[in-house]
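Everything below concerns the one structure shown next.
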Amino acid sequence: MRIGSGFDSHEFRPGIPLKIGGITLPHDKGLGGHSDGDVLLHAITDALLGAIAAPDIGALFPPSNPKWKGADSAIFLREALKRVRDAGYRVANIDASLILAAPKIGPHAAVIRARVAELLGLHCDCVGLKAKTPEGLNLDNAALAHVVVLLEKTPRQKKKAPKRK
Ligand code: MG
């Protein structure tokens, strides 16, 4: 088994869509960033990459590359997942904490969990999501995400015995 942890933060900016966990949430501000600013998918991506000691999201998808401007962060997550599978592992479960003052995540948590589960090929029961407000941190204009992921070895496929005629 391997464990990975991921962290990310993005600043809120007016006039852009808010994407969290691959879902566009109704809000008057979005998260700035070179890609779509999806703080949760970035933290999950880094947790997956960290678990297999691969280069991090910034190394694989540098903000200096115009190719990733406005990119759907699901692209980053899929690449990380491919690397996990190529290394002989599969995701057992993930647990995420979102820290943001607004909007309230509760009403959207089930949809976000379902989308993250879909992207990772997991059952919803294997995706934990908690949301907290940044009390005492003076971070009301930012969203933060912490993620822990557990990987397990992919079982080897048994070779099928040749059929007898
Ligand atoms: Mg990021």
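Read the numbers this way: they start at 1 and go in the same order the structure lists the ligands and their atoms.
Using a 30° and 60° split on the angle between ring planes, Phe76 and Trp68 fall in the perpendicular class, above 60°.
For the Mg ion (ligand 1), the set of nearby N, O or S atoms under 2.8 Å includes none belonging to Asp38.
A single hydrophobic cluster is seen to contain both Ile94 and Leu98, as judged by linkage of ILVMFWY side chains at heavy-atom distances under 4.5 Å, directly or through other members. The cluster map of Ile, Leu, Val, Met, Phe, Trp and Tyr, joined by side-chain heavy atoms under 4.5 Å apart, puts Ile105 and Ile44 in the same cluster.
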Starting from the C-alpha separation in whole Å, work towards a yes-or-no answer on salt bridge (charged side-chain N to carboxylate O under 4.0 Å, His left out) for Arg115 and Glu118. CA-CA 5 Å; Arg115 177 60 181 150; Glu118 184 186 18; 2.9 Å; yes
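The N, O or S atom of Asp8 with the smallest distance to the Mg ion (ligand 1) is OD2.
Geometry note: the Mg ion (ligand 1) is the vertex, His42 ND1 and His10 NE2 are the arms, and the angle is 90° (rounded to 10 degrees).
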